[in-house]
Amino acid sequence: LRLDRLEMTGFKSFADKTSVRFEEGISGIVGPNGCGKSNLADAIAWVLGSGTALSLRGEKMDDVIFSGTRTRRPSGVVEATLAFSRTDNEPIVLKETEFSGEVLEISRKLYRSGESVYTVNQRRCRLKDIHSVLEEAGLGFASYALIAQGKIGWFLRAKPVERRSVIEEAA
Amino acid sequence: LRLDRLEMTGFKSFADKTSVRFEEGISGIVGPNGCGKSNLADAIAWVLGSGTALSLRGEKMDDVIFSGTRTRRPSGVVEATLAFSRTDNEPIVLKETEFSGEVLEISRKLYRSGESVYTVNQRRCRLKDIHSVLEEAGLGFASYALIAQGKIGWFLRAKPVERRSVIEEAA
Amino acid sequence: SSEKFREAFEAINLHFNEIFQKLFGGGECGMRLLDEEDLLESGVDIYAQPPGKKLQNVRLLSGGEEALTVFALLMGIFTYRPSRFCVLDEVDAPLDDANVTRFTNLIQQMSEQTQFIVITHNKHTMKTANTLYGITMEEAGVSQVVSVKFPGQENGDGS
Amino acid sequence: SSEKFREAFEAINLHFNEIFQKLFGGGECGMRLLDEEDLLESGVDIYAQPPGKKLQNVRLLSGGEEALTVFALLMGIFTYRPSRFCVLDEVDAPLDDANVTRFTNLIQQMSEQTQFIVITHNKHTMKTANTLYGITMEEAGVSQVVSVKFPGQENGDGS
Ligand SMILES: Nc1ncnc2c1ncn2[C@@H]1O[C@H](COP(=O)(O)OP(=O)(O)OP(=O)(O)O)[C@@H](O)[C@H]1O
Ligand SMILES: Nc1ncnc2c1ncn2[C@@H]1O[C@H](COP(=O)(O)OP(=O)(O)OP(=O)(O)O)[C@@H](O)[C@H]1O
Ligand SMILES: [Mg+2]
Ligand SMILES: [Mg+2]
């Protein structure tokens, strides 16, 4: 399983549909202060459900929806998708639904009304399902693999019990 | 009043007597990770009494005393002095003691036993006295003028009442 | 006294906004009293709006925008009430090259009334220092200060 | 299960210490279970001792030492249980030039099994990226992604 691309529309400062292809190896993200680099990282955390309002630097969940500028109106909905390409083609079965084929697309949508929708390959499901599909497909993803800006020292300052949860996730 | 120099012995990683003269303008402090730059900044905060154990990155007050290395024994005492030269020579009177002359030296000493001694020009006094002497001498020092590493965002994240204390100090 | 607080609050707010606009090339910022009636106890709220962006919660500012905003406030306070000296420990770490230049320009201007002690790994910031001190640990675990550049000395063998 | 936890804990500890010693050129570090008897609930303590220094409370580590220590732990976890991808947002900001090089060498090695997405302002880190994406805000407040360098393309007009 490899991460192929991120697509997002209306996610924080990414008002227009934006698509970023990820290659093997190291992808660098650069740009001036305030241009949207950490927002892109937040989008990845948000789709995988590992970002709470607080860790996404907002106060409420809809702070991730594009809030407009002097010349643009705010968006009413935000959508972000992570697309993975699969190397082994074993179909993944989840609650009688079978996901097969080359690509696995995880999407999350949020309306200003508060309604939030997760889908895997266009089929609606819950966040828990997303985690099991990714686990089945061998993604082995854990939230400790996303280091937010200024938070690298988190593990040293955390309480001993909080540190334990990282080892549990890896076990 | 200008800051002339910092002298310290046994302060954190500065085991030996160290003296740094400060010129007018901008003094840059550089060096590899872990060499002692932030320790030097901590020494300034410690002498002025504006560093608690927590903000000096220790757990207890004697964490500021040189704790030894593989080849050196720990120190039993720490001393740091800030020397200011005065531009106007008006004598400063504090509790019937007169401080006159060109230089004002503020010192702080701490023994492993926990005994802590403040002096102004070698005369013992309390921390409160230090603040009043500096105020009288026109230092106009406030703790918001010391920005510790990684803490620049403090004011934005502080509670509204905590922010108020900064304006009060400046008023 | 509440009179003194209000005077300081208003003057600092003015300087804060002026310096913010200089650093960001526009936009607007300020502090607001949560309770206008109660000058002696009221908390202080803060807002910052970089140029062209909508006014949002200060928590949504980027790392660099946050550092620059608080720095503008600090220099705003110094403009109202000069401080003899100021210690800045790697305040330039989150800044991009353009903002490092704005930061160093500002401390150079303010250094007429304030002695700055600036800890940094940034080559550009080092160049703007009048005196540069290197700290080494030739003996493991023991810090030593060496001075490398004095005012008036060109970049000769000093650096 | 507690068996699985202990196995993970011990293996990660080993890798953590190996990588720490590589990054710091010596010294020692590790995690300790606060309550050996109770594998299912016990908290985890952490210690780190850069070469030549005494063992001290991890809070006394410098900014750069702290970042490098936690990074060694993260790569220790990845060695035990590889992660398909990893996002690092300005993790190199507190590091001096020598440590930036150690950091980039390590992610280059680990990038055989993990895709790294590295946000940085550091020129040296940028050079080690296989693909480089620039983000701009030509229209104020609206982010746009432009890709600047592809694998195999030299630093031609792309940078
Ligand atoms: N919902 C939103 N709608 C529009 N803009 C937003 C939204 N949330 C955040 N922003 C804007 O995004 C900007 C911050 O972007 P981000 O934190 O990604 O910057 P960055 O590139 O990481 O910068 P730095 O290098 O300083 O860390 C802020 O100016 C903020 O106003
Ligand atoms: N009481 C003490 N005795 C001896 N060494 C100490 C003491 N307190 C702290 N140290 C050591 O000082 C070192 C940290 O120094 P400091 O934080 O000043 O580094 P720095 O130069 O600021 O580095 P960076 O560039 O990474 O921020 C640590 O390695 C720590 O072990
Ligand atoms: Mg950022
Ligand atoms: Mg430091």
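Basis for what follows: all heavy atoms, side chains included, without hydrogens, waters or symmetry-related copies. Just so you know, these numbers come straight off a predicted model, no measurement behind them.
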Which atoms of [X] are under 4.5 Å from chain C, going by heavy atoms: the side chain, the backbone, both sets, or neither?
{"X": "B:Ile44", "answer": "side chain"}
{"X": "B:Ser38", "answer": "both"}
{"X": "B:Ala170", "answer": "both"}
{"X": "B:Thr69", "answer": "side chain"}
{"X": "B:Arg70", "answer": "neither"}

List the atom of [X], the atom of [Y], and the distance in Å for their closest heavy-atom pair.
{"X": "B:Glu169", "Y": "C:Arg81", "result": "O-NE, 3.9 Å"}
{"X": "C:Phe71", "Y": "B:Ile152", "result": "N-CD1, 4.4 Å"}
{"X": "C:Glu66", "Y": "B:Leu156", "result": "CG-CD1, 3.3 Å"}
{"X": "C:Asn130", "Y": "B:Ile26", "result": "OD1-N, 2.6 Å"}

Could you tell me which of [options] has the largest number of non-hydrogen atom pairs under 4.5 Å with chain C?
{"options": "B:Gly28, B:Ala148, B:Ala45, B:Ser67", "answer": "B:Gly28"}
{"options": "B:Glu168, B:Glu162, B:Lys12, B:Lys159", "answer": "B:Glu168"}
{"options": "B:Ser19, B:Gly25, B:Gly36, B:Ala41", "answer": "B:Gly25"}
{"options": "B:Leu3, B:Thr71, B:Asp16", "answer": "B:Leu3"}

Would you give the length of the straight line joining atom [atom1] of [X] to atom [atom2] of [Y], rounded to the nearest 0.5 angstrom?
{"X": "C:Tyr133", "Y": "B:Leu6", "atom1": "OH", "atom2": "CG", "result": "10.0 Å"}
{"X": "B:Ile167", "Y": "C:Leu73", "atom1": "CD1", "atom2": "CG", "result": "6.0 Å"}
{"X": "B:Arg2", "Y": "C:Gln115", "atom1": "CZ", "atom2": "CD", "result": "5.0 Å"}

Can you tell me which portion of [X] sits under 4.5 Å from chain B's heavy atoms? Options are side chain, backbone, both or neither.
{"X": "C:Ala140", "value": "backbone"}
{"X": "C:Val142", "value": "both"}
{"X": "C:Ile117", "value": "both"}
{"X": "C:Tyr80", "value": "side chain"}
{"X": "C:Leu68", "value": "neither"}
{"X": "C:Ile135", "value": "both"}
{"X": "C:Leu34", "value": "side chain"}
{"X": "C:Leu88", "value": "both"}

Under 4.5 Å, counting heavy-atom pairs only, tell me which of [options] racks up the most with chain B.
{"options": "C:Gln113, C:Arg6, C:Glu139, C:Gln108", "result": "C:Glu139"}
{"options": "C:His121, C:Glu112, C:Met31, C:Gln144", "result": "C:His121"}
{"options": "C:Gly134, C:Ala93, C:Ser42", "result": "C:Ser42"}
{"options": "C:Glu41, C:Met110, C:Met126", "result": "C:Glu41"}
{"options": "C:Ala67, C:Gly63, C:Pro94", "result": "C:Ala67"}

Quiz item: Do the numbers put B:Arg164 on top of the ring of C:Phe9, so that NZ or CZ is under 6.0 Å from the six-membered ring centre and no more than 45° off the axis?
Solution: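 Not satisfied by the 6.0 Å and 45° rule.
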Quiz item: Given C:Arg84 and B:Leu134, is the side chain to side chain contact (heavy atoms under 4.5 Å, CB included) satisfied, shown in steps?
Solution: CA-CA 11 Å; C:Arg84 256 334 284 144; B:Leu134 288 176; over 6 Å; no
Quiz prompt | Within 6.0 Å of CZ in C:Arg32, more than 12 heavy atoms from elsewhere | solution =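 Counting other residues, nucleotides and ligands, CZ of C:Arg32 stays at 12 neighbours or fewer.
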Is the closest side-chain heavy-atom distance between [X] and [Y] below 4.5 Å?
{"X": "B:Ile29", "Y": "C:Val118", "value": "no"}
{"X": "B:Ser13", "Y": "C:Met137", "value": "yes"}
{"X": "C:Phe116", "Y": "B:Phe22", "value": "no"}
{"X": "C:Phe85", "Y": "B:Leu146", "value": "yes"}
{"X": "C:Ile119", "Y": "B:Gln149", "value": "no"}
{"X": "B:Phe14", "Y": "C:Val145", "value": "yes"}

Quiz item: C:Phe78 vs B:Tyr144 aromatic rings, parallel, tilted or perpendicular, using cut-offs 30° and 60°?
Solution: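 Judged by the thresholds at 30° and 60°, the geometry between C:Phe78 and B:Tyr144 is tilted.
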Practice problem: Would you check if the side chain of B:Glu23 reaches a backbone N or O of C:Thr131 as a donor-acceptor pair within less than 3.5 Å? | Solution: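 Absent.
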Quiz item: Should the pair C:Asp89-B:Lys151 be classified as a salt bridge under the 4.0 Å nitrogen-to-oxygen rule?
Solution: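 The answer is no: the pair does not qualify as a salt bridge.
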